[in-house]
Amino acid sequence: MNNQQPIISVSHVTKRFGKLEVLRDISFEVHQGEVISLIGSSGTGKSTLLRAINMLEPPTSGEIYIDGERITAKGYPLHKMRQKIGMVFQSFNLFDHMTVLENITDAPIQLLRLPEVQAKEEALALLKKVGLAQKADAYPSELSGGQKQRVAIARALAMHPEVILFDEPTSALDPTMVGEVLSVIRQLAKSGLTMLIVTHEMRFARDVSTRIFFMNEGVIYEDGTPEQIFDHPVHSATKAFVQRIQKLVYEIDSDDFDFLQIPTGIRQFCLKYNIRTEEETIYALVREMLFERMQAYRPITIRLTHTELTGVTALDVMVEHLTLSPLADADRKALRPRVKELIEEPTTRGFRIKLIL
C-alpha cells in the first residue's frame, strides 16, 4: 500500500452530456511514478476521464484533487493545475505560425516566466531527447505526423509537469510513425514520470504500464497490474477485450470470385494493425495457396488474423468437407522455410492449413 499523498485523487466522478452518462461514479488515486494505461473499446469514457482530470470537461458531479487541492472547487485557478498536469492530444495542437522551438518555449516564457535564454536551452535539450534536435527552426507544416507528436510531447515536458496525460497519442498517425512516438513514451516511463495513457496499443500498454484500467460502460471495470489484466482478468468482458483477434475473411466459392479485392483488403488490414512489413509475404502466400497449391479446391476460405496482444499474425486456408490435408510433401517443403509454423488439422467444417507468420 502506498502511504504517500496521491498526486491525483478522483472521487465519485460522474460526467453527463445531456441525458448521456459517459462516466459513472469513478474513484481512484494516482501516486508518483505510476504509469497507468486506460484501455477499452471506443466510447467507454477513456478520453473523457482524462479531459475531466484536466478540467477540459469538468465533472457533472464528484471531486478531483491534485496534490491535495480540490480543483473542482468553484473559482479554483485552473492555470495553476495545468502547470502541474500536462496533456498530449491526438491532433498535436501545435501553432502553425510558430517554429518548433517557439511552440515549445511559448508557455514556459508566458506562464512560468522563464527567461527566454533558459527556455530555449531547455527546449533544445528536450528536442534532443525526443530525437528532433535538427528541427528547432522548422514549422509544423514541414514535419511528419510522428514528428509533430514528438514536438507536442516536448512542449508538455517544457512545463515541468508532475503528470502527463496522453489521449490516444498515436491514433492520428500513419502506422509507420507509431513506433517513434511510443519509443519516446517508453523512455519517459523509464525516467519515472507519472503518466496516464489512453491507448489501443495493447502490447505497448502491457510493456510500459505499472497499472491498467480496463474501462467499460463508463466505469473502471477492472484495475490491476498488467499481469493481472492481461493474464488473469477477473471479468469476462476484460478477458474478451484483451484477447481480441482482428480478422479478414474471404469466402471463395468459385473461380468467378472477385480476386482483385484481396490485395486491397490485405493492404488495408496490414496498415490498420501496423503489420506493413508482413504485407508482401501475406499476399504472396495467399496468391500461392489459391492459384498453385490449392487451386483445385473450391469452396475455400482464406482468413487472415492478427492478435493485438501477442502480435501473432496467421493465415488460415480451409477447404470444406475435406478430411485429409490437400498439401503434398513438396508443398510442405516449400512453405516451411517461409513461416514460423505450419499446422495441418481437420475441423468440423473441413480441413485447415494454418501458416503462422
Output yes when a side-chain donor or acceptor of [X] lies under 3.5 Å from a complementary backbone atom of [Y], and no otherwise.
X      : Y      : result
Glu222 : Ile229 : no
Arg150 : Val130 : yes
Glu21  : Gly218 : no
Gln83  : Lys80  : no
Ser191 : Leu188 : yes
Ser209 : Ile36  : no
Lys46  : Ile197 : no
Arg155 : Ala107 : no
Arg293 : Leu290 : no
Gln228 : Thr225 : yes

What do the steps show when you test Arg206 against Asp231 for salt bridge (charged side-chain N to carboxylate O under 4.0 Å, His left out), and what is the final call? CA-CA 10 Å; Arg206 178 167 189 154; Asp231 295 339; 2.6 Å; yes
Hey, is [atom1] on [X] packed in by over 12 heavy atoms from elsewhere, all under 6.0 Å?
X      : atom1 : result
Phe95  : CZ    : no
Glu116 : CD    : no
Glu69  : CD    : yes
Lys84  : NZ    : yes

Under 4.5 Å between any side-chain heavy atoms of [X] and [Y], yes or no?
X      : Y      : value
Ile85  : Val163 : yes
Thr48  : Phe17  : yes
Arg82  : Met55  : yes
Leu101 : Lys120 : yes
Glu122 : Pro108 : no
Thr170 : Gln149 : no
Val100 : Asp137 : no
Phe92  : Val151 : no

Spatial distance of atom [atom1] ([X]) from atom [atom2] ([Y]) [nearest 0.5 Å]:
X      : Y      : atom1 : atom2 : answer
Leu50  : Phe89  : CG    : CZ    : 9.5 Å
Ile66  : Ser9   : CD1   : OG    : 9.0 Å
Thr44  : Phe241 : OG1   : CZ    : 7.5 Å
Asp316 : Met289 : CG    : CE    : 10.0 Å
Gln246 : Thr305 : CD    : OG1   : 10.0 Å
Leu193 : Ile164 : CG    : CD1   : 5.0 Å

Shared hydrophobic cluster, Tyr250 / Phe291 (ILVMFWY, side-chain heavy atoms < 4.5 Å):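 Same hydrophobic cluster.
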Under the criterion side chain to side chain contact (heavy atoms under 4.5 Å, CB included), I'd like the reasoning laid out for Thr14 against Leu23: C-alpha separation, chi angles, the key distance, then a yes or no. CA-CA 5 Å; Thr14 293; Leu23 301 176; 5.6 Å; no
If you take all heavy atoms of [X] and [Y], which pair is closest and at what distance?
X      : Y      : answer
Thr199 : Phe204 : OG1-CD2, 4.1 Å
Ile185 : Met195 : O-CE, 3.7 Å
Gln5   : Gly68  : NE2-N, 3.5 Å
Asp96  : Tyr139 : O-CD2, 3.6 Å
Pro226 : Thr210 : CD-O, 3.7 Å
Phe28  : Val30  : CE1-CG2, 3.6 Å

Take Ser27 and Asp25 through the test side-chain hydrogen bond (donor to acceptor under 3.5 Å, both in side chains) and record every step on the way to the result. CA-CA 7 Å; Ser27 298; Asp25 195 30; 4.9 Å; no
Run the numbers on Thr301 and Glu251 for side-chain hydrogen bond (donor to acceptor under 3.5 Å, both in side chains), then give the verdict. CA-CA 5 Å; Thr301 300; Glu251 302 273 358; 2.7 Å; yes
Which label fits Tyr221 and His235: parallel for a plane angle under 30°, tilted from 30 to 60°, or perpendicular past 60°?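 Plane angle between 30° and 60°, so tilted.
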Checking side-chain polar atoms at under 3.5 Å, does Thr72 have a donor or acceptor matched by the opposite partner on Glu63?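 Glu63 and Thr72 do have a side-chain donor-acceptor pair below 3.5 Å.
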Side chains of Ser171 and Gln90: is there a donor and an acceptor less than 3.5 Å apart?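 Per modelled atom types, Ser171 and Gln90 side chains form a pair under 3.5 Å.
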From CA spacing to verdict: salt bridge (charged side-chain N to carboxylate O under 4.0 Å, His left out), Arg51, Asp167: CA-CA 9 Å; Arg51 293 175 69 86; Asp167 185 11; 5.1 Å; no
Test side chain to side chain contact (heavy atoms under 4.5 Å, CB included) on Met87 and Leu56; report intermediate values, then the result. CA-CA 11 Å; Met87 190 156 183; Leu56 293 172; 3.9 Å; yes
Decide side-chain hydrogen bond (donor to acceptor under 3.5 Å, both in side chains) for Glu278 and Thr313; before the verdict, give the C-alpha distance in whole Å, the side-chain angles of both, and the deciding distance to 0.1 Å. CA-CA 9 Å; Glu278 304 280 9; Thr313 303; 5.3 Å; no
Apply salt bridge (charged side-chain N to carboxylate O under 4.0 Å, His left out) to Glu345 and Lys354, showing your working. CA-CA 8 Å; Glu345 56 189 5; Lys354 191 177 190 74; 6.0 Å; no
Output every pair passing side-chain hydrogen bond (donor to acceptor under 3.5 Å, both in side chains) with a member in residues 257-272, not counting sequence neighbours, ordered by first then second residue.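 Sorted pair list: Arg267-Glu279.
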Residues two or more places apart in sequence or in another chain: which of them pass side chain to side chain contact (heavy atoms under 4.5 Å, CB included) with Lys135?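 So Lys135 forms a side chain to side chain contact (heavy atoms under 4.5 Å, CB included) with Leu132, Ala138, Leu143, Gln147.
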Go through Leu38 and Phe166 one step at a time and tell me if the side chain to side chain contact (heavy atoms under 4.5 Å, CB included) criterion holds. CA-CA 10 Å; Leu38 286 69; Phe166 290 90; over 6 Å; no
Going by salt bridge (Lys or Arg N to Asp or Glu O under 4.0 Å), name the pairs with one or both residues in residues 184-205, residues two or more places apart or in two chains.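 Every salt bridge (Lys or Arg N to Asp or Glu O under 4.0 Å) pair that includes a residue of residues 184-205, provided the two are not neighbours, is Arg186-Asp207.
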Evaluate the side chain to side chain contact (heavy atoms under 4.5 Å, CB included) criterion for residues Ile252 and Arg298: first the C-alpha distance (whole Å), next the side-chain angles of each, then the deciding distance (0.1 Å), finally the verdict. CA-CA 7 Å; Ile252 301 166; Arg298 299 288 188 270; 3.8 Å; yes
